[in-house]
**Q** 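What follows is a single structure, and I will ask about it in a moment.
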Amino acid sequence: TADTPGALPGKTAPTSTAIAPAVPASPTESFTNFENQNIAVKVSNKGLGLTEVDLKKFINKEEKLVRVSQGEMSGLYELRVDGRAVYFNTNKESENRLVGTFENGDYKIVRTLNFSDGYNVQSEVKITAKSDKIPKVSILISEKIHQAESKSWLFPSYDHQDFNVVDGKTSHLVNFSNASSNVTQDFNPVSVAGISSQYFTTSFLDQSSLLPSAHVQADIASRNAVLE
């Protein structure tokens, strides 16, 4: 107004407005369910990782369904790009098939999960590069390190957790549940890699023309183990 320094009588003084850059919204995690006579699975759009895998024909000590791969580091078989989480646009094409698509300016990734009538999941990953930049794609298995419990010295606990890796023609079994220090090891090339316990195993069986490598790590303090 006229009382405002620099303003003309009867006029409104000009003002300047700073435009803040838009903050991108955080990705929203969503889930898709699959079930057959053997398993019940919940799949996240975050890397198409399996966040819940219940074995319908097995009961644990608490008389609940056995749930495998309860790691805090990732979902089971979660896909990451250059070490970062990616969120797929998902399409449940049938009762046993899920297709996820992720795309940016450099590449497009299409991942397909096919669930068998048994306990197997077939994963196919296709990458279309839009530039010379080829992303590093990783698939993870993580597990919480369990504390072995024994009721008495007469009945010792035989529970164990191990990394199970086949590179070339050599099979490696690396225990981490009873390790006194952190475990870290690399293998290359790898055809089979997984985490096993006394009763169950979750693993990859590579059938591609590539030569994948594997990195295993177990942190004693946080009680987390991950295979990548």
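Predicted model, so just to flag it, every value in this text is computed and none were measured.
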**Q** Return the CG to CZ distance between Asn36 and Phe115, rounded to the nearest 0.5 Å.
**A**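 Between atom CG of Asn36 and atom CZ of Phe115 there are 9.5 Å.
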**Q** Same cluster or not: are Val53 and Tyr199 linked, directly or through other Ile, Leu, Val, Met, Phe, Trp or Tyr residues, by side-chain heavy atoms under 4.5 angstrom apart?
**A**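 Cluster IDs for Val53 and Tyr199 match.
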**Q** Do any N or O atoms from the side chain of Asn38 and from the backbone of Tyr119 form a donor-acceptor pair under 3.5 angstrom?
**A**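 Pair absent, no side-chain N/O of Asn38 close to backbone of Tyr119.
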**Q** Tell me, with the steps shown, if Ser123 and Arg111 meet side chain to side chain contact (heavy atoms under 4.5 Å, CB included).
**A** CA-CA 7 Å; Ser123 171; Arg111 187 181 189 192; 3.0 Å; yes
**Q** Do Asp54 and Arg67 pass the salt bridge (Lys or Arg N to Asp or Glu O under 4.0 Å) test, and can you show the C-alpha distance, the side-chain angles, and the key distance before you say yes or no?
**A** CA-CA 4 Å; Asp54 292 331; Arg67 177 168 291 179; 2.7 Å; yes
**Q** Roughly how far, to the nearest 0.5 Å, is the OG atom of Ser44 from the CG atom of Leu76?
**A**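 These two atoms lie 12.5 Å from each other.
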**Q** Looking at side-chain heavy atoms only, is the closest gap between Asn120 and Leu205 below 4.5 Å?
**A**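 Result no, sub-4.5 Å side-chain heavy-atom pair not found.
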**Q** Would you mind reporting whether Phe163 and His172 have side-chain heavy atoms less than 4.5 Å apart?
**A**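 With C-beta onward as the side chain, the pair stays apart.
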**Q** Check the angle between the aromatic planes of Phe102 and Phe88 and answer parallel, tilted or perpendicular using the 30° and 60° thresholds.
**A**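 Because their plane-to-plane angle is over 60°, the rings of Phe102 and Phe88 count as perpendicular.
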**Q** For Asn188 and Leu211, work out which heavy atoms get closest and say how close.
**A**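 That closest heavy-atom pairing would be OD1-O, 3.9 Å.
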**Q** Glu228 and side chain to side chain donor-acceptor pair (under 3.5 Å): which partner among Ser142, Ser138, Ser74, Ser213?
**A**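 Exactly one candidate clears the test, Ser138.
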**Q** Are the side chain of Thr51 and the backbone N or O of Gly75 linked by a donor-acceptor pair below 3.5 Å?
**A**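 No, Thr51 side chain to Gly75 backbone: no donor-acceptor pair under 3.5 Å.
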**Q** Are Val99 and Val125 connected in a single hydrophobic cluster, I mean Ile/Leu/Val/Met/Phe/Trp/Tyr linked by side-chain heavy atoms less than 4.5 Å apart?
**A**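 In one cluster: no.
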**Q** Please check if the side chain of Arg97 supplies one atom and the backbone of Thr112 the other of a donor-acceptor pair under 3.5 Å.
**A**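 Here the side-chain-to-backbone pair does not exist.
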**Q** Does a donor on one side chain and an acceptor on the other come within less than 3.5 Å for Asn175 and His160?
**A**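 Per modelled atom types, Asn175 and His160 side chains form no pair under 3.5 Å.
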**Q** Do Asn104 side-chain atoms and Tyr107 backbone N/O form a donor-acceptor pair below 3.5 Å?
**A**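 Checking the backbone N and O of Tyr107 against the side chain of Asn104, a donor-acceptor pair under 3.5 Å is found.
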**Q** Nearest 0.5 Å please: distance from the CG atom of Asn45 over to the OG1 atom of Thr101.
**A**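 It comes to 12.0 Å.
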**Q** Examine Phe200 together with Phe58 and report whether their ring centres are nearer than 6.0 Å.
**A**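 Yes, close enough.
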**Q** With Lys92 as the cation and Phe34 as the aromatic partner, state whether NZ or CZ is under 6.0 Å from the six-membered ring centre and within 45° of the axis.
**A**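 Verdict for Phe34: a cation-pi partner in Lys92.
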**Q** Please check if the side chain of Asp82 supplies one atom and the backbone of Lys136 the other of a donor-acceptor pair under 3.5 Å.
**A**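 Yes.
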**Q** Verify the cluster assignment for Ile127 and Ile139: are they in a single hydrophobic cluster under the rule of side-chain heavy atoms below 4.5 Å apart?
**A**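 In one cluster with Ile127: Ile139, yes.
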**Q** Can you tell me how far NE2 of His215 sits from CD of Gln185, rounded to the nearest 0.5 angstrom?
**A**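 Answer for the CD-NE2 pair, Gln185 versus His215, is 10.0 Å.
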**Q** Between atom OG1 of Thr184 and atom CZ of Phe176, what is the distance when rounded to the nearest 0.5 Å?
**A**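 The CZ atom of Phe176 is 13.0 Å from OG1 of Thr184, to the nearest 0.5 Å.
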**Q** Is any side-chain heavy atom of Lys130 closer than 4.5 Å to one of Asp106?
**A**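 Not touching, per the 4.5 Å side-chain cut-off.
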**Q** How close do Ala193 and Ile141 get, counting heavy atoms only, and between which atoms?
**A**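 Reported closest heavy-atom pair: O-CD1, 4.2 Å.
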**Q** What are the two closest non-hydrogen atoms of Ile145 and Asp219, and how far apart are they?
**A**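 Looking at all heavy atoms of both residues, the shortest contact is CD1-O, 3.8 Å.
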**Q** Is there side-chain contact between Leu98 and Val43, with heavy atoms separated by less than 4.5 Å?
**A**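 Yes, their side chains come closer than 4.5 Å.
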**Q** With a 4.5 Å cut-off on side-chain heavy atoms, are Lys64 and Ile59 touching?
**A**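 No - every pair of side-chain heavy atoms lies 4.5 Å or more apart.
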**Q** Can you find a heavy atom in the side chain of Phe204 that is under 4.5 Å from one in the side chain of Val190?
**A**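 SC-SC contact between Phe204 and Val190 ruled out.
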**Q** State whether the number of non-hydrogen atoms from other residues, nucleotides or ligands found under 6.0 Å of Asn33 atom CG is greater than 12.
**A**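 Yes, the 6.0 Å shell around CG holds more than 12 heavy atoms from other groups.
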**Q** Applying the 4.5 Å side-chain criterion to the ILVMFWY set and letting contacts propagate, would Val137 and Val216 be lumped into a single cluster?
**A**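 Val137 and Val216: one cluster.
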**Q** Ignoring hydrogens, what is the shortest heavy-atom contact between Glu29 and Lys46? Give both atom names and the distance.
**A**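 Result for this residue pair: OE2-CB, 4.1 Å.
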**Q** Between Gln161 and His146, is there a donor-acceptor pair closer than 3.5 Å when you use the side chain of the first and the backbone of the second?
**A**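 At least one qualifying donor-acceptor pair exists.
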**Q** Do the non-hydrogen side-chain atoms of Leu55 and Ile39 ever get within less than 4.5 Å of each other?
**A**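 Answer yes - side chains close enough.
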**Q** Begin from the C-alpha positions of Leu48 and Thr90 and carry the test side chain to side chain contact (heavy atoms under 4.5 Å, CB included) through to its verdict.
**A** CA-CA 9 Å; Leu48 293 198; Thr90 58; 3.7 Å; yes
**Q** Main chain of Asn164, side chain of Asp162: is a donor-acceptor contact present, judged purely on distance under 3.5 Å?
**A**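 Here the side-chain-to-backbone pair does not exist.
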**Q** Do you know the tightest heavy-atom contact between Ala225 and Ile195?
**A**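 Here Ala225 and Ile195 meet closest at O-CD1, 4.5 Å.
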**Q** If every non-hydrogen atom of Ile220 is compared with every non-hydrogen atom of Ala179, which pair is closest and at what distance?
**A**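 In terms of heavy atoms, the two residues are closest at CD1-O, 3.7 Å.
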**Q** Is Leu65 reachable from Val41 through a run of hydrophobic residues whose side-chain heavy atoms are each under 4.5 Å from the next?
**A**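 No; tracing contacts between hydrophobic side chains, which count when under 4.5 Å, never links both residues.
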**Q** Show your reasoning for whether side chain to side chain contact (heavy atoms under 4.5 Å, CB included) applies to Met73 and Glu78.
**A** CA-CA 10 Å; Met73 304 298 291; Glu78 180 181 320; over 6 Å; no
**Q** Do Leu173 and Ser196 come within less than 4.5 Å of each other through their side chains, counting heavy atoms only?
**A**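 They are in side-chain contact.
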**Q** Mind checking the CD-CG spacing from Glu143 to Leu227? Nearest 0.5 Å is all I need.
**A**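 Those atoms lie 11.5 Å apart.
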